[in-house]
Amino acid sequence: MKYILIIILAFTGFIAGAVNPDNKYIKDPEEAILEVVYSRKAITDTTMRDSRFALDDVILRIGKNKSMFCGVKKLWSDSLSAVNYSAFYPILIASLEKKDYLIIGRYLSYLYKDFPNKTCKEYEYFDMEHWKYSEELKMPEWAITDSVKTIIGYECIMATTDFKGRQWTAWFSPEIPVSDGPWKLHGLPGLILEAYDKSHDYEFEAKGIRSSGLGLVGYMEYRDYVEVSRDEHMKNWWKYEHKNMSAQIQAIFGAKTSNKPVSSKRIPKYDREEIDYDHSLK
């Protein structure tokens, strides 16, 4: 795993500098003014919370009018494979040979907040398809408390909100006058450096901030996407989570992944950051 991390760090700087406003993969670009790296922890099995979770480094890249939020590995692998697939391919093969299948990371979404137009877009990969949708950029209704603590050297204030079906706690720093944060969280008088929901199914914690040598903020359309509504997107994801991929592979290719009978369905043991959507399977 270490060799891949070293390569990622080396190419992250290359890609940030190489991508320019004329790059055909960047739509509606603008210069970034700030970039925050967070650690993202997501519980993948709520019945075994201590042992079943995913860790990813994610970035929030902020421009004057918009911001983008995505996985560090996902951005790196998509960028390199699109710009220079001949360089990406041997790294991919080496990772597969070492059974390191997480070269693209575990967080497979791109989120874009467009503040002047009050829109939020998500580009996401699941069920062997690339999807995108657009929705109104809704402002969480925050309650600011008098609790304070220091995060990566910045004094932060605690705020809470009920947002998209979960109760969230966020720590923001007025020292950084940017009203943004990880995922879809924003709207506080300072940058959010830490956030988590009430059950700690999802946690974001800032690891570092930089303001120079940044890439662009823009819609990174490396391939064709299936465009759906936000409700359709969430329902499609929920249906996908009920699928048993082993059973699908066995049905399509006739290849057994186990000697035991395989059910075509499974019960998801986690949900998304947002849970205010139709969970029916119709």
Side-chain angles (χ1 to χ4, degrees), residues 28 32 34-43 54 56-63 65-72 74-75 105-126 131-144 158-173 176 178-206 217-220 225 227-238 270-279:
D28 193 21
L34 200 67
E35 186 172 283
V36 190
V37 176
Y38 297 88
S39 171
R40 176 184 183 269
K41 181 178 180 180
I43 300 298
D56 262 309
D57 279 354
V58 291
I59 62 170
L60 173 66
R61 186 176 291 172
I62 303 167
N65 297 303
K66 63 175 72 76
S67 66
M68 60 173 278
F69 180 76
C70 62
V72 171
K74 177 64 172 170
L75 175 60
R106 297 176 176 87
Y107 186 67
L108 304 182
S109 286
Y110 291 88
L111 277 169
Y112 302 96
K113 305 186 191 92
D114 184 333
F115 293 101
N117 294 310
K118 297 182 179 180
T119 59
C120 179
K121 294 185 179 182
E122 181 168 16
Y123 291 59
E124 186 174 15
Y125 177 77
F126 61 85
W131 309 86
K132 70 176 181 179
Y133 69 90
S134 179
E135 67 174 339
E136 178 187 354
L137 180 60
K138 295 183 178 179
M139 177 81 74
E141 296 182 3
W142 294 101
I144 299 175
M158 188 179 82
T160 60
T161 187
D162 290 337
F163 185 61
K164 292 188 176 292
R166 291 185 186 268
Q167 297 178 41
W168 289 92
T169 296
W171 295 85
F172 70 96
S173 175
I176 310 173
V178 175
S179 184
D180 207 347
W183 183 56
K184 296 182 179 181
L185 301 174
H186 69 287
L188 285 164
L191 181 65
I192 297 172
L193 295 182
E194 184 178 332
Y196 45 85
D197 70 296
K198 183 177 180 180
S199 59
H200 287 261
D201 287 351
Y202 292 93
E203 301 175 358
F204 303 96
E205 185 175 355
V217 181
Y219 307 118
M220 297 192 176
Y225 290 81
E227 187 166 8
V228 294
S229 69
R230 186 260 186 182
D231 291 342
E232 288 173 321
H233 184 88
M234 298 302 167
K235 287 196 69 172
N236 287 342
W237 180 85
W238 187 239
Y270 73 105
D271 208 338
R272 300 177 69 95
E273 289 97 331
E274 54 200 295
I275 57 177
D276 61 334
Y277 64 92
D278 184 359
H279 285 71

For the student: nearest non-hydrogen atoms of G63 and V217, plus distance: N-CG2, 3.7 Å
Pairwise side-chain contact, V58 with C70, heavy-atom cut-off 4.5 Å (strictly under): no
Heavy-atom side-chain proximity of P140 to H186 below 4.5 angstrom: yes
Which atom of D57 lies closest to which atom of S39, heavy atoms considered: OD1-CA, 4.1 Å
Stacked cation flag K121 on Y219, 6.0 angstrom / 45 deg: yes
D114/K66 salt bridge by N-O under 4.0 Å criterion: no
Pairing of E122 and R272 as salt bridge, 4.0 angstrom limit: yes
Distance (rounded to the nearest 0.5 Å) between F69 CZ and D180 CG: 10.0 Å
Passing option when W183 is tested against Y107, Y110, W168, Y112 for ring pair (Phe, Tyr, Trp, His ring centres under 6.0 Å): W168
4.5 Å side-chain heavy-atom contact, E205 and Y196: no
Spatial distance of atom CG (D271) from atom CG (D197) [nearest 0.5 Å]: 11.0 Å
Distance in Å, L34 CG paired with L191 CG, rounded so as to fall on 0.5 Å steps: 6.5 Å
Any side-chain heavy-atom pair of Y270 and Y202 under 4.5 Å: yes
Side-chain donor or acceptor of D56 paired with backbone N/O of R106 under 3.5 Å: yes
The single option from E273, E194, E203 passing salt bridge (Lys or Arg N to Asp or Glu O under 4.0 Å) against R40: E273
Closest non-hydrogen atom pair between G165 and I275, with its separation: O-CD1, 3.2 Å
Y277/H233 aromatic ring centres below 6.0 Å: no
Spacing of CG belonging to L60 relative to CE belonging to M68, to within rounding of 0.5 Å: 9.5 Å
Value rounded to 0.5 Å, distance of OG in S179 from CZ in F115: 6.5 Å
Backbone N/O of H279 and side chain of W238: donor-acceptor pair under 3.5 Å: yes
Short side-chain donor-acceptor distance under 3.5 Å, N117 and T119: no
Nearest heavy-atom neighbours spanning L111 and C120: CD2-SG, 4.2 Å
V36 side chain reached by R61 side chain, heavy atoms, under 4.5 Å: no
Contact check, side chains of Y133 and N236, non-hydrogen atoms, under 4.5 Å: no
Carboxylate-amine/guanidinium proximity below 4.0 Å for E274 and K184: yes
Presence of salt bridge, D201 and R166, under 4.0 angstrom: yes
Under 3.5 Å: donor-acceptor pair, side chain of W131, backbone of F126: yes
Distance (rounded to the nearest 0.5 Å) between S229 OG and M234 CE: 9.5 Å
Closest contact, heavy atoms only, F172 versus L188: CD2-CD1, 3.7 Å
Whether F204 and Y38 hold their rings parallel, tilted or perpendicular, with breakpoints at 30° and 60°: perpendicular
